[in-house]
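Comments concern the structure below.
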Amino acid sequence: MSQKRENTAFVCENCGAYVQPLAGSYRNHCPKCLCSKHVDIMPGDRANDCHGIMDPVDVVYNTKKGYQIVHKCRECGGISRNTADLDGETPDSLELLMKIMNFGAQN
């Protein structure tokens, strides 16, 4: 049985920004503060029961997917990656991405 996949707009529980869905993908993080909510097991399935806020803790480069934001859940400590949107209609904050990358390089 397949899970119903959702790609809907949402309000960021961290900063309150209204976030539009991405065309052709499943946006699960806020482009303004880069926080996410721990709702997916597989992208778009909304099957995770944790629902904790996930903070951006690192940015890594994947040769197939491009830059990815590494999130860590405040509630359960779970780690996940989400591809950064750098050139969509509402791109992720380059300023925050660069701050996260610089912070990660110092540690």
Side-chain angles (χ1 to χ4, degrees):
M1 177 191 326
S2 65
Q3 296 276 344
K4 178 184 175 196
R5 295 168 94 65
E6 295 183 24
N7 188 24
T8 59
F10 63 93
V11 174
C12 176
E13 290 186 18
N14 185 65
C15 74
Y18 180 75
V19 180
Q20 292 284 352
L22 284 176
S25 184
Y26 295 96
R27 170 167 265 161
N28 75 345
H29 66 276
C30 176
K32 300 208 182 303
C33 71
L34 304 180
C35 286
S36 182
K37 187 171 180 179
H38 203 180
V39 295
D40 291 347
I41 293 172
M42 298 298 292
D45 68 9
R46 308 303 191 247
N48 195 311
D49 292 331
C50 177
H51 293 222
I53 300 294
M54 298 187 80
D55 294 310
V57 295
D58 200 1
V59 176
V60 296
Y61 185 76
N62 179 299
T63 57
K64 293 183 181 179
K65 297 182 180 184
Y67 287 98
Q68 293 185 303
I69 303 165
V70 179
H71 290 102
K72 182 174 182 181
C73 182
R74 294 178 191 172
E75 297 296 318
C76 72
I79 303 285
S80 67
R81 292 182 184 192
N82 192 337
T83 301
D85 179 21
L86 301 177
D87 53 24
E89 287 187 31
T90 53
D92 292 336
S93 168
L94 287 175
E95 181 180 349
L96 283 178
L97 286 167
M98 290 172 53
K99 283 182 182 179
I100 294 166
M101 288 170 66
N102 287 337
F103 178 75
Q106 295 172 3
N107 292 322

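Any value given below was found using the heavy atoms of this structure, including those in side chains, with hydrogens, waters and symmetry copies removed. All figures in this text were calculated on a predicted structure; none of them were measured in a lab.
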Does any non-hydrogen side-chain atom of D40 lie less than 4.5 Å from one of N48? no
All heavy atoms of C33 vs all of N14, minimum pair found to be SG-ND2, 3.4 Å
Measure across A9 and Y18 and return the closest heavy-atom pair with its distance rounded to 0.1 Å. CB-OH, 3.2 Å
Within one Ile-Leu-Val-Met-Phe-Trp-Tyr cluster: V59 and L96, side-chain cutoff 4.5 Å: yes
Going through the distances and angles, do E89 and Q20 end up as a side chain to side chain contact (heavy atoms under 4.5 Å, CB included)? CA-CA 9 Å; E89 287 187 31; Q20 292 284 352; over 6 Å; no
So, the side chain of D55 versus the backbone of V57: is there a donor-acceptor pair under 3.5 Å, distance only? no
Smallest heavy-atom separation, T83 atom then K65 atom, equals CG2-O, 3.2 Å
Hydrophobic clustering (ILVMFWY, side-chain heavy atoms < 4.5 Å, transitive) - are Y61 and I100 grouped together? yes
Sub-4.5 Å side-chain heavy-atom contact between H29 and S80: no
Counting C-beta onward and ignoring hydrogens, is there a side-chain heavy-atom pair between K32 and C12 closer than 4.5 Å? no
Indicate the atoms forming the closest heavy-atom contact of T90 with P31, along with that distance. O-CB, 3.7 Å
I'd like to check the salt bridge (Lys or Arg N to Asp or Glu O under 4.0 Å) partners of R81; sequence neighbours left out, ordered by chain and number. none
Would you indicate whether the side-chain heavy atoms of L97 and L34 approach each other to under 4.5 Å? yes
Would a 4.5 Å heavy-atom cut-off, applied to side chains only, mark E75 and H38 as touching? no
Can you tell me if OH on Y67 sees more than 12 non-hydrogen neighbours from other groups inside 6.0 Å? no
Separation between NE2 (H71) and CD1 (I79), nearest 0.5 Å, reads 10.5 Å
Has the side chain of D92 got a donor or acceptor atom that lies under 3.5 Å from a matching backbone atom of D85? yes
